[in-house]
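A short worksheet on the structure shown next.
No experiment lies behind these values; they were computed from the predicted model shown. Letters go in sequence order (proteins before strands), and every chain restarts at 1.
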Amino acid sequence: MEGYGDTRKEHQKYLKPLGDWRRTHDCGSLTAENVGSEVCLMGWAQFRRDHGGVIFIDLRDREGMTQVVFSPEVDEQVHAEAHCLRTEYVLAIKGRVRPRPEGMVNPNMATGAIEVAVTEWKLLNTANTPPFMIEDRVDVSENLRLQYRYLDLRRPRLAKNFVVRNRAAQAARRYLDGLGFLEVETPYLTKSTPEGARDFLVPSRVNQGMFYALPQSPQLFKQMLMVAGMDRYFQIVRCFRDEDLRADRQPEFTQIDCEMSFVDQEQVMTMAEGLVARIFKEVLDLDLTLPMARMTFAEAMASYGVDKPDLRFGLKLKDVSAVVRESEFRVFAKAELVKALRVPGGGSLTRKEIDDLTEFVKIYGAQGLAWIKVKDDGSWQSPFAKFLSESERAGLAETLAMEVGDIVFFQAGPAEMVNAALGNLRVKLGEMLGLIDEDAYNFVWITDFPLFEYDQEEKRHVARHHPFTSPQDGHLELMRAAPEKALAKAYDMVLNGNEVGGGSVRIHTKEVQDAMFAALNIGEEEAREKFGFLLDALEYGAPPHGGIAFGFDRLVMLLCKAKSIRDVIAFPKTQKATCLTTQAPNVVSARQLRELAIRVRETAKPQTAGPASDQAADQAAGQAADRADGQADGGDGA
RNA sequence: GGAGCCGUAGUUAAGUUGGUUAUAACGCCGGCCUGUCACGCCGGAGGCCGCGAGUUCGAGUCUCGUCGGCUCCGCCA
């Protein structure tokens with residue numbers, strides 16, 4: 001380790017203040033047109049190529065890289081001092097732009113036609129050897145990348161995502177502002193609302209024992225802004241949901257949140273399409289075809305098994321329940337639903353691949369995976385077809401239009417499982433068989449969602465979207481009589497199998513809102529306690545209104561072709577919802593807890609020693625003290 | 001709450017059936033080098049094999065547990 005950090009520390013004696021030096025250009029913009037001009041660049045040393053006699057440095061900033069040359073022929077001293085330069089040192093250079101010599105042009109670099117001959121330079125800062133190379137082509141574990149996020153963000157691929165993100169946000173602002181939307185901020189410290197995701201809670205010091213909740217979305221506030229006559233509202237806003245993470249889910253995420261007065265579903269959807277089209281135009285210079293395709297929820301479930309179908313490829317599911325309803329094959333006959341997925345050319349799948357796919361569908365609760373291959377001579381190869389009668393086999397062949405070379409997968413059982421298993425299998429096969437055009441952007445609106453879904457655990461209907469979603473015209477009576485049949489004025493925008501936006505027309509009359517709570521089995525008192533402020537607002541002349549919210553991180557992820565929204569969030573959380581850069585969450589001092597009248601009753605894991613050990617000890621002490629207090633009070637039960 | 005994958009120099013990986021001193025590339029440090037562009041050449045340093053138990057004469061390798069990262073199920077109006 002000797003000399004490892006010492007050399008670089010030693011170099012600190014060469015540091016110079018910025019003084020009156022000012023950049024004339026960024027590191028990505030000089031071209032042959034600038035030849036001859038005196039420039040001043042600042043940035044980080046990317047690569048050093050020290051030939052002894054001449055030193056090349058690729059100077060990097062957010063915009064790109066420029067080759068700067070330290071040559072003894074230009075200035076003896078400048079060249080001699082440059083020997084100390086190391087990767088990631090921060091420097092400022094002044095010099096003259098000159099064309100590169102014959103045959104030395106680098107076509108892979110935006111600035112490859114020129115170089116800057118340094119006449120004067122300053123070392124602005126040294127740098128430790130970074131834990132990984134600041135370069136796109138090296139793979140680094142996400143662990144390390146997140147710990148040194150500020151270094152990962154220097155890498156062009158990641159940095160580029162934030163340029164895209166900014167462009168998308170600004171395009172959205174310009175579009176919505178142009179349509180008369182007001183950007184209004186809503187509170188982050190707000191009231192906990194039941195229904196929906198788990199809330200993040202924030203204790204109140206001034207009102208001990210009480211808690212704010214961070215908003216899952218500004219839903220109630222934007223509706224009140226409509227009652228307030230704001231007419232059209234939008235906000236690019238952070239939302240918080242304390243649920244488990246996924247590649248496309250973070251506990252804090254950003255929405256483009258919109259609400260409009262005096263509109264019905266069609267106007268909101270038209271506005272939303274225009275917004276997305278504007279973003280794609282400004283960011284990717286892509287012209288989307290409008291209006292976007294539409295599909296009902298029922299059709300999506302029937303043909304794709306999911307409510308966010310990826311329409312970049314075919315492979316539709318087909319309901320074959322009727323064909324096998326009377327079958328001797330009990331697995332099929334007794335099933336609530338039997339569906340098939342015909343894969344043209346899938347006959348080439350190996351036994352191993354089919355076994356893997358069988359394992360795959362088990363994730364969704366499937367017991368197994370039945371299949372039929374149609375061989376070259378038209379005969380079937382199948383582990384289960386022998387249980388089918390002649391007419392059933394003929395029925396399947398006809399219904400599914402089976403052809404030589406196909407494989408057909410079957411799933412039988414509860415409808416929910418069958419759809420989930422085959423719907424996800426379909427996507428898996430699309431990827432496996434290379435059916436997906438990675439450059440395509442396939443949008444589809446999903447409409448006519450059910451208003452409710454049945455919650456097995458709570459044994460009651462819950463709102464599928466949220467409890468302020470308007471039923472479709474004429475469905476008010478259904479809400480009482482057959483809630484599962486009632487449809488909502490709700491719509492999701494789906495892009496390549498990702499839900500990127502969703503919204504609804506809202507209930508704007510007290511009468512309908514009461515009917516909704518009744519259907520949800522939420523009593524009047526409970527409704528008043530939880531949503532009284534909104535119910536009151538609805539009684540002061542609420543206009544018809546509706547809106548939509550876009551998952552901004554997801555949208556940007558797709559614009560960047562990133563695999564996870566973590567790659568478009570500057571400082572994301574890990575799957576365990578921790579921040580590896582800051583080490584949040586952490587224990588807090590006993591004093592902080594005492595001020596909030598909070599006692600930590602259980603510590604799930606022992607606090608480890610380390611940087612936080614002082615705090616941990618502090619808290620442990622505080623807990624002991626508070627426990628004593630608690631006993632004096634006779635405890636709080638709970 | 002559950003399932004799977006991963007964890008070996010600074011980094012990325014290899015490491016055979018459990019067997020001598022744990023390899024390689026890049027990076028780092030030193031030297032040489034005037035046209036490179038992931039410069040090149042020579043030399044050098046660098047290891048808690050995530051952590052803890054166990055099996056064994058012997059564990060990077062096998063078993064169990066645990067911690068961390070990722071993917072997914074549940075969950076996410």
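Nucleotides A22(B) and U8(B) are separated by 9 Å at their C1' atoms, to the nearest Å. Between G19(B) and G44(B), the two P atoms lie 29 Å apart (nearest whole Å). One C1' atom belongs to C72(B), the other to C76(B), and the distance between them is 14 Å to the nearest Å. Rounded to whole Å, the C1' atom of U21(B) lies 15 Å from the corresponding atom of G15(B). Of the P atoms belonging to A59(B) and C32(B), the separation is 47 Å, rounded to the nearest Å. Spacing between G7(B) and C41(B) at atom P, rounded to whole Å, works out to 31 Å. Separation of the C1' atoms belonging to G46(B) and G30(B) is 14 Å when rounded to the nearest angstrom.
Each of C72(B), G69(B), U71(B) was ranked by its minimum atom distance to the side chain of Ser564(A); first place goes to U71(B). Of all nucleotides listed (U36(B), G69(B), C28(B)), U36(B) comes nearest to the side chain of Gln67(A). Nearest nucleotide to the side chain of Arg100(A), out of C76(B), U36(B), U34(B): U36(B). Nearest nucleotide to the Leu144(A) side chain, out of U11(B), G74(B), A38(B): U11(B). Comparing atom distances between the Pro131(A) side chain and each of G10(B), G35(B), C37(B) picks out G10(B) as nearest. Closest to the Pro72(A) side chain, of the nucleotides U34(B), A38(B), C70(B), is U34(B). Nearest nucleotide to the Arg98(A) side chain, out of C70(B), G35(B), A38(B): G35(B).
Contacts of Arg464(A) with the nucleic acid, taken as non-hydrogen atoms under 4.0 Å apart, involve only primed sugar atoms and P, OP1 or OP2. Residue contacts for Tyr364(A): at a heavy-atom cut-off of 4.0 Å it reaches the sugar-phosphate backbone alone, with no base atom in range. If you check every strand for non-hydrogen atoms under 4.0 Å, Met133(A) touches sugar and phosphate atoms only.
No N or O donor and acceptor, one from the side chain of Arg86(A) and one from the base of G30(B), sit under 3.5 Å apart. At a cut-off of 3.5 angstrom, counting only N and O atoms as typed in the model, there is no donor on one side facing an acceptor on the other between the side-chain of Asn143(A) and the base of G7(B). One N or O donor and one acceptor, one from the side chain of Arg249(A) and one from the base of C76(B), sit under 3.5 Å apart. In terms of polar N and O atoms assigned as donor or acceptor, the side chain of Asp58(A) never comes within less than 3.5 Å of the base of C37(B) in a complementary pairing. In the interface, the side chain of Glu115(A) is paired with the base of G35(B) through a donor and an acceptor atom under 3.5 Å apart. You won't find any donor-acceptor pair under 3.5 Å spanning the side chain of Arg8(A) and the base of C29(B), going by distance alone.
In this structure, Leu123(A) and Thr126(A) have side chains that are in contact, with non-hydrogen atoms separated by less than 4.5 Å.
The ring of His51(A) lies on top of the base of C39(B), close enough and flat enough: under 5.5 Å between centres, under 30° between planes. Evaluation of Phe56(A) against the base of U36(B) yields a stacking contact (centre distance < 5.5 Å, interplanar angle < 30°).
Annotation: salt bridge (Lys or Arg N to Asp or Glu O under 4.0 Å) contacts of Arg100(A) (sequence neighbours excluded): none. Looking at residues two or more places apart in sequence or on another chain, you find no side chain to side chain donor-acceptor pair (under 3.5 Å) involving Asp61(A).
In summary, of the residues considered (Gln575(A), Gln250(A), Glu142(A)), a side-chain hydrogen bond (donor to acceptor under 3.5 Å, both in side chains) with Arg566(A) occurs for Glu142(A) alone.
Ring centers of Tyr454(A) and His461(A): under 6.0 Å apart, within the cut-off.
Spacing between atom CD of Glu73(A) and atom P of G35(B) amounts to 10 Å, rounded to whole angstrom units.
Within the 3.5 Å criterion, the main-chain N or O of Met65(A) finds a donor-acceptor partner in the side chain of Thr111(A).
Between U71(B) and Arg566(A), a contact under 4.0 Å exists linking OP1 or OP2 to a side-chain N or O. When the side-chain nitrogen and oxygen atoms of Arg49(A) are compared with OP1 and OP2 of C39(B), one or more of them lie within a distance under 4.0 Å.
Between Gly53(A) and Ser141(A), the one whose closest nucleotide on RNA chain B sits nearer the 5' end is Ser141(A).
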